Each structure stands twice: as C-alpha cells, then as structure tokens.
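Below is one structure, written out as structure tokens, with a few remarks after it.
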Amino acid sequence: MLEKELNLEYFRKEGFKRYRCGKCGSYFWSVVPRDTCTESPCGEYRFLGEGMFNRKFEIEDMRNFFISFFKERGHTPIKRYPVVARWRDDVFLVNASIYDFQPHVTSGLVDPPANPLVISQPCIRMVDVDSVGKTGRHLTGFEMMAHHAFNYPDRRVYWKEETVAYAIELLEKLGVDREDIVLKEHPWFGGGNAGASFEVIVGGLELATLVFMNLRESPTGNIEIEGVKYEEMPIKIVDTGYGLERFVWVSKGTPTIYEAIYPDMLEKLMNLTGVVKDEKEERVLQLLAYHSPKIEVMGERNFMEFFIKEAGISREYYEKRIVPIQKLYALADFSRSLSFMLTDGIIPSNIQAGYLARLLIRRSLNILYSFGNPISLYELIEMHARRFSDIMDTSMLPIVREEIELEEERYRRTLERGKDIVKRLLKKKRKIDVDDLILLYDSHGLLPDIVKKVAEEQGVEIEIPENFHSLVARKHESAEKRKVKEKKEYPFPPTRTLYYEDPYMKNFTAKVVHVMGRELILDQTAFYPEGGGQPSDRGFVEWDGKRYMVQDVQKYNGVIVHYLDKEADIPTGADIRGEIDWDRRERLMRMHTAEHVLLAACRRVLGKHVWQHGTQKDVMESRFDIAHYRPLSREEVKAIEREAMRIITSCIDVDARFMDRREAEDRYGFVLYEGGVPPGKEIRVVRIDGYDVEACGGTHVRNTGEIGFLKILRTERIQDGVTRIVYSAGISALEKIQEIEDHALTSANLLNVSLDRLDEKVKSLIDERKVLAKELQREKEKRIEILAKEIMSRGSTKLVEIVDLEPKEMQMLMKILSGRMDEIVLIGRDGNIMVWSKEHRARDIAMKVAEAMEGKAGGRGDFAQGKGKREKVQDGFNIAKEVMGL
RNA sequence: GGGCCGGUAGAUCAGCUCGGAAGAUCGCCACGCUUGCAACGUGGAGGUCGCGGGUUCAAAUCCCGCCCGGUCCA
C-alpha cells in the first residue's frame, strides 16, 4: 500500500530512488544507492563533532528560521497552544502539533485558524522520562515545528508532492547535502486516524516526520491496517513534525542534544555542583549518544556491558563521572518541561496532568538533593521561563514559585514519613523483601533506592529486583470499566429554543410534535433542558382545559423532551400553552450568572491558574469546584466575596450569543472552555465584559446587578489541588443567611446572651461542663473506693457480690479489689458479670455464672466478662458461691 | 477515574494477625533537688480509638458504608 501511496512524481524528477534497508527491511528513498536506511542503529550518527548544517543555531534562531521559511512560502504563522490540552477531554497534555487541531478541525467541523499554517508547538511526552539524560537525545519537553495544510473536497491547498519538496528545500537551505537525506516510508496511525508517512533521516537521526492523513477509523471501512478498519476521509491533512531541538543538535554536533539546547543552564549547573566534563567525558558521552539507539535492540543491561567495553572505561568511572553529568542533563530537561506546564496553569496534584507535573518535580528534587541542593528548583524553572519569555507567560512566576515551595515541603514530609515507616518495618522484621518494596513504593511513594539507603543506615542490606517497575505495573493490571451513557435518538427536527431567544419568557404557546406516554415534544419551548450543570425547568402545559405538570426536561441531539406527571392524550398538531415555574427559574438564572462572576472573582483574587473543575447549580445552593494549589483561607474567601459583590454592584451587562467557534477561540482564547468543551461549529458565548467569557449553554440574567447578592456558604478540599466552593445567590442567598441567623439567634436566646457574646458564652459553657464531668467522675470514684473499703474490711480473700453499678464502675471497683483479693465475682443489677481470679479460672467461673443466668461470657484466665438476664441475677449469685465454695 | 496505605493523648507512634481492664516516648503542669537554668527524681493532667451502622455477652481490634489524609497508576 505504502509503495503506491508514496511513489511521488517529485522523486522521479529529482532523482530519488526506492531502496530496501538490509537491516530493518523498511523501504526508503534516496538520491544515492544505499544498503541501509541510515537511521541509527541501522546506520550511524554522522553529525556528531562538526554538525551538518552550514551554521550553528540556537533554539530561538532555529524556530525563527523555520517559521520565516514557511511564511515566505505562503504559510500563516500561528501562536503556540498551551501544553495542557484545555480544548480536549481525551488527553491531558499536547503530544504533537496536530493535537491543536483535534478533534474539530481534523473532523472538518471547524475551520483551521489559517490554511496552510506554520507553528512551533511545545509538547510534553512523559513516556521517555526514564531515558532522559541517559541516551543523549531523549527529552520530556520539546518543540514540534510544523507546517499543516488542510485539503477539502472543494479547496485543495497542497499534498504529498509539495510537502516533500518543502522538506527537502528547507534542509538544503540549511546546508544539508541532498545525498545525506533519506526518506523512510512508514505507515502512521493514531487517535482514530491513519495515513502514509515519511520519516526524514539526516546523518542517521530522524529530524522530521511528514504524515499524509487521509483515513479515519470506521467499522464499515474497506482499508485494513493492523486489524483496524479505516475509510477515506473527505479532508486530507498534511501533518508534519520537525523536532526543533534535534535541528539545533544537528547544527552544532555537540556530544549530546542537551549541550546544544541548554548551554547556559548546563554551564551554571556544572559550576554549582562541581561536576566536571573534560575531553574524556565529552568523548564518552558522544560515544554513548552514538551507540544509544542500540539499546532498543540489545536491552539496557546488555547495552551497558557492551558500551563500557567499547568505550574502554570502568564501571566505576561511568558511575562516578558520567552518571552525574547525565543527571544534570535530565534536570535541565525536566525543569524546562515544568516551566511550560506550570506557566500554562497546570497545578501539581495527584490527579490528571497535575500528577505528571508532580512526578517531574519530584524527580528533579531527587537530583538536586543528590547534589546537596546547590540551587532551588524554582530558580531553574525561572531561568527557562526568562529565556523563553516570548513563548512563556512569565507573569505566572510568582504563583509557580509558591507551588514549587509547597511541593518541596510536601515531598520533604512524604520522605520523612517514609523513612520512619522503613525504620519501623526494619525494627519489626529485620529485613525488607520484594513485597515490602512494592508496598513502600505503591502506597507511600518511596523509591526502592531511598528504601535501600535508609536500610543501609540501619545496617540492613536490600536486594532491588531488576524488574521492579514491571512488578509494580503487574499489580495495577485490571480490566477498565467505562460507563457509557445511553443516547436516545428522536426522529424530529430540532426544537426551537425560546429560552435563548428570550431568557425572560415565562409562558408561551407551541404546537405538539409528538406525544408518547408521558413524553411530550413541541415545535418550540421556553423550558430549559438540563445541561451545563443547570437543572431543567419545571412548570406546566395546558391543553383543552387540562393541566400537565412538567417534571423534567431533557435534550437529545437538539430535540427537547418534556416529561409530564401523567400520560397525555394530546393530539399531534394541537396548540398548547406552557408556563414556567418562574421563581425556580429566576433563582437558577441568578445562580448561573453568579457562578461566572465567582470564577472571575477567584481568578482575580487567587491568580489566573484558577480553572473551573466542575459545577452543579441548584435552587438554594450551588457547587463550584476550582483547581487551586491549596485550601482557601478565611481571608481569601472573604476577599472573593467582596470582589464578586463588586462585580455585581457594578451592574455589568451579560451578553450571550452564538458565535463561530473559530472566531470565538481567536478572540477569547481557551478560557472559553472553563466549563467544558461543547461540541459543534457554533458555540454559545456568555460574556461579562472585562471579567469573564465562557462557552456556556445556560440561561443568564441580563445584568450582573440582577444577581443582587452572592454568598459563599462553605469551602472544602475535595481532592488534592481541587477546592469546592458552595455558594448561593439572590433571594436564595438571603434565605440561606437568614437560616444561619435563625440558628445563631436561637442559640443566643437559649444562652440568654447577645449574638456578639455567643462564642464567648459557648466556650465558658464547654469549660464548665468539663469541670463538672470531672467532678462527677471523682464522686463516682470516691463512692466506689468507699464500697471497696467496706468489702475489704470483711477480711475475706474471695468475694461474690451483687452490685448496683454500671459496667464502667464495676471495672473500677474490680481494679481496686483485684490487688488485694484472690477471686472476685461481681454481678451487676442489670445482668453484667465480671470475674477476676488469681488462679486463672476467671473464664470458667464467668461461663458457669452466665450459663445459670441464661447468658454468655468469655475472656481470659485472670479476667472475664459476660452478661446474663437481669431477672436471673440471684441464680448467678448462687452458682458463683457454689463454684467458689463459699 | 481505578488500586493501595493510613486516621488511637498536644506530637510521634504501639496495641488490630488471634475481640476480653486503652498504652509507650516526647511535650505539658505541679512538687522535690538547685543561687538560677539544664539535667535528674516523684506525682499529675491530657482519649467520642476519624464518623455511622452491623456481628457479639463483649469491638480500637471482625464486617459494611462514609469522611479525611497520603501514595501509585491511566
């Protein structure tokens, strides 16, 4: 299939021929005959040392060069998207430039921001995190330079021929000889799409991928790739990806990619840590980068043996001189990824993208700790942010600093607690086995090498299994269950939405489209269906003098279904009258607009990292969850309330209108998607000018002044990094406050104090109560002591006694007597049995007594308890006497 | 979203396997020793065993549900 797809006119014209790699078997195109595809490990890196471009580039120069090159060739440069994919609900982080245009542009629903376009999109890929630093080329963060063209049936931009021509021209302009370029054929698929692609290999390294996306997954498709069926798409998309950092590397020919892209930071880190990189280390590192693609063939362990021999070094030299340098490489990379993630508003936490940020933070901190903390992680992140200030938001730095400091503190605590756990475990078991290691990591976040270090301090040796991480992974293997909400389909045209045309419409008339039992469908309605966290309207419809209550309203693909309280025999085509429960709707509208105001207030008070995480509106109180890195203080809550009230009392118009998705995104950015990502080409945008703009399908008041009043009722941390704000608005808020006031006033009245003295009074009452309880306890003790004295004065060493005491009091008595006597049976008036025996027959006696009292008992030899029927107390007493020979 | 670990005195924890009188250390208070402090000695205060339900004669302990904290993985 590929051969036909990728046999281009361009190749014939320009002298490229198709060959097959003798090593990996893939097909490729080249202007000179070759035995292999040249991509390492089939070939070798040839750019190390001198570089292969006509000059050396820094990241910034390379990015500019690329963008200008395509701009000159008719492409529109567009701004990079955030690394956190706010416009998507299927992925957390942007992995490639095409992510920016999925799903709506690639599906054809929405136009691209420009066509053709050029972009340099920062991406985060966590899959390589373990290889970073070691191989000389892996990164968690990189910029994917790309030119994209979207070809529609009625508008062709460009396709394979032009794409390949651009790539070759770009490389030649950079000074690469055509003889050094290899285009490797490769089937491509991902994210439900597929197509043919070329990998562009220069000097043994893949510099770019040119994908020709023209297929999409379809159960009825006629093209099959790896068992999945695909069909041809109407849109054909040129999806390219040029690795910016790799271009810079190839231009410089440094031993590893890291020297090429972070020269300043690496120099600084070396100075601070005293790690030295001389010619010998340079040579070893370069050799390592050169050979590292072989890891994939040989496996890591075999590769290391091979490499140490090949480089002529000792393992000790490798550990002492090379590994520290590799750690610094990783640190430079991790901190750059973090500066992208955190300035783009990701909040470190234990869920979703936040977890990935925390992972990088902890790995970075580990490295810094191992060098004795020569510099703070924040300083490194700031250094990157300042260097890349043209594509990063440095105004986020104060928040980032606070987040990092909190995370450091948190990690320090986790480690400390972890060390205690290890020490305790050692005290108990004197050893730690594999199961313990897995538990310590999985449940307490302790990496095996930390455990090993602590154990060694305690003088215990620990073996860490080679396949540790796969053992952990095995523990997590479990079938994934996904709930899919059933979607109903109604074969009717979309219902006209009167509630959008006039959100203040209280009653209306409409024609009946369909009636089925209690389901009613109209041609138009003012009833708002449930959606966007706003519950549906209620009210009634009337026909022929009969009234049907509307209990629920739902929307299925544009068709609005009213659920009535009883079966309706209304004929199709009848004219009905509907009326909304206006008090309810008005409260909900105020709540909904108040929510937008609240978000604006939160962003102003807490910072722009605040992102809506979920909401639920209701009539009396509503929930509003935000992503924030720590719980809200009382002062912050008050400040948010003040800011929200300021927005309300400023009486700002609320504008709601349908807009083209592209236009809305261009004008307002991704903050639109705070409340979720709506489908469709047209989206409804609700805007409070100067404060908030969101894609939102709810009903809103015309002006913030109509909200009248907003009150936060309480806040709680529902998850790491997520805080819930429970609030109320309008009349509902007033009623809520009145409710609270009632409670306070009633309490104050009961205590006969004024409201402002309530807290004082309550505190003194609690203290008083404590004192009284203690006195009572002492009285009891006194009584029991007297009783004990009386009993002991009888002079016997054995005792059977019926006492009018509670179990706790019986225990107290027993405690005093047991020191002086040999055998005691106490029977409470309500049937409790308590036995103490010096001769260890308490259990036997208790059981016999209990049996006589038709109850049960048990316990130890010296002390036993039980319970029998209260009317059998005398029988128990007699038996006890008998057993004890009294 | 799923898995795992934890919640007992002001703090750190033991006790939970196998149900039977709530403990240790530090801190706190008082007294003693001392010119004073520290140390030491003696004594003391401090607990809804996260919450709710169940099983049982009996639950910190076993079972179920919830809440809170931590952690690993998508």
Side-chain angles (χ1 to χ4, degrees), chain A residues 89-93 126-127 129 348-356 358-359 362 410-425 427-428 435-448 450 468-483 613-614 631 716-722 724 769-771 773-774 777-778 807-819 824 826-828 830-837 842-843 846-847 849-870 872 876:
Chain A
D89 49 17
D90 55 337
V91 293
F92 302 134
L93 297 171
M126 296 298 292
V127 286
V129 69
S349 74
N350 60 3
I351 50 158
Q352 301 179 351
Y355 174 69
L356 303 175
R358 177 169 289 169
L359 188 85
R362 293 192 170 185
R410 202 193 293 261
Y411 189 39
R412 203 184 51 73
R413 275 209 307 269
T414 293
L415 283 182
E416 230 156 75
R417 206 180 22 241
K419 280 175 189 166
D420 284 347
I421 292 172
V422 175
K423 277 184 198 165
R424 244 177 289 135
L425 198 65
K427 232 184 203 166
K428 211 185 273 182
D435 284 346
D436 295 327
L437 279 178
I438 292 174
L439 183 78
L440 285 168
Y441 175 66
D442 215 30
S443 302
H444 302 286
L446 289 177
L447 288 163
I450 295 172
F468 179 75
H469 280 279
S470 64
L471 288 174
V472 174
R474 198 171 304 159
K475 257 196 82 179
H476 288 278
E477 272 173 20
S478 60
E480 223 175 289
K481 284 172 238 159
R482 281 266 163 96
K483 283 179 228 158
H613 202 266
E716 51 191 317
R717 214 169 70 114
I718 56 165
Q719 241 176 351
D720 196 12
V722 182
R724 169 164 298 169
R769 198 203 64 89
K770 259 191 176 169
V771 171
K774 230 172 279 166
Q777 175 74 10
R778 242 170 251 141
K808 278 270 168 200
E809 296 171 317
M810 286 168 71
Q811 254 181 29
M812 274 160 65
L813 179 60
M814 189 64 97
K815 225 172 194 173
I816 300 169
L817 295 178
S818 62
I824 306 159
L826 295 178
I827 301 173
D830 45 6
N832 288 303
I833 306 158
M834 213 168 278
V835 183
W836 185 82
S837 165
R843 189 187 153 93
M847 282 167 74
V849 174
E851 198 184 343
M853 292 171 67
E854 291 175 30
K856 282 182 175 178
R860 305 182 318 218
D862 57 340
F863 186 79
Q865 285 164 300
K867 190 169 180 165
K869 289 190 174 165
R870 55 186 310 161
K872 298 273 183 178

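By convention in this document, chain letters (A, B, ...) are assigned in the order of the sequence lines, proteins followed by strands, and residues within each chain are numbered from 1. In this text the structure is predicted, and so the values were computed from the model without any measurement.
The nucleotide B:U71 finds its pairing partner in B:G3, both defining distances of the Watson-Crick or G-U wobble pair being shorter than 3.5 Å. Under the Watson-Crick or G-U wobble criterion, with both distances below 3.5 Å, B:G23 is paired with B:C13. Pair assignment for B:C18 gives none, since no Watson-Crick or G-U wobble pairing has each distance under 3.5 Å. The partner of B:U56 cannot be assigned: no Watson-Crick or G-U wobble pair with both contacts below 3.5 Å exists in any strand. Base pairing annotation: B:C37 forms no Watson-Crick or G-U wobble pair, as no partner gives both donor-acceptor distances under 3.5 Å.
Summarising the geometry, the separation between CG on A:Asp420 and P on B:G70 is reported as 17 Å, rounded to the nearest angstrom. The separation between A:Leu93 atom CG and B:A74 atom P is 12 Å, rounded to whole Å. Across the protein-nucleic acid pair, A:Arg424 atom CZ and B:G6 atom P stand 11 Å apart, rounded to whole Å.
Note on A:Lys808: only backbone sugar-phosphate atoms sit closer than 4.0 angstrom, heavy atoms only; bases stay farther off. Note on A:Leu439: only backbone sugar-phosphate atoms sit closer than 4.0 angstrom, heavy atoms only; bases stay farther off. At a threshold of 4.0 angstrom between heavy atoms, the contacts of A:Met814 include nucleobase atoms, whether or not backbone atoms are also involved.
The same atom, C1', is picked in B:C18 and in B:A58; the two are 16 Å apart, to the nearest Å. Comparing the C1' positions of B:C49 and B:A21 gives an interatomic distance of 15 Å, to the nearest angstrom.
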Under 3.5 Å, which protein N or O atoms sit close to an N or O of nucleotides 56-59 of chain B? Give each pair with its distance.
unit_1: B:C57; atom_1: OP1; unit_2: A:Lys856; atom_2: NZ; d: 3.1

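Residue A:Asp442 places its side chain closer to B:C72 than to any other of B:C68, B:A21, B:C72.
Checking side-chain atoms of A:Ser818 against main-chain N and O of A:Lys815 turns up a donor-acceptor pair under 3.5 Å.
Mapping A:Leu440 and A:Ser818 onto RNA chain B by nearest heavy atom places A:Ser818 at the nucleotide closer to the 5' end. A residue-by-residue look at A:Gln719 and A:Ser443 shows that A:Gln719 has its nearest nucleotide of RNA chain B further toward the 5' end.
Neither OP1 nor OP2 of B:G70 sits under 4.0 Å from any side-chain N or O of A:Arg417. A:Arg413 has no side-chain polar atom (N or O) that falls below the 4.0 Å cut-off from OP1 or OP2 of B:G70. Proximity of A:Arg843 to the phosphate of B:G20: no side-chain N or O atom is located under 4.0 Å from OP1 or OP2. OP1 or OP2 of B:G69 has not a single side-chain nitrogen or oxygen of A:Arg410 nearer than 4.0 Å.
Pairing each heavy atom of A:Tyr411 with each of A:Ile450, the nearest pair is OH-CD1, 4.3 Å.
Here the options are A:Glu809, A:Gln811, A:Met810, the test is side-chain contact (heavy atoms from CB on, under 4.5 Å), and the partner is A:Leu826; only A:Met810 passes.
Residue-nucleotide stacking is present for A:Phe863 and B:A21, judged by a side-chain ring centre under 5.5 Å from the six-membered base ring centre and planes under 30° apart.
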Item to complete: Kindly determine whether A:Asp720 and A:Arg410 satisfy salt bridge (charged side-chain N to carboxylate O under 4.0 Å, His left out), including the steps that lead there.
Response: CA-CA 12 Å; A:Asp720 196 12; A:Arg410 202 193 293 261; 3.4 Å; yes
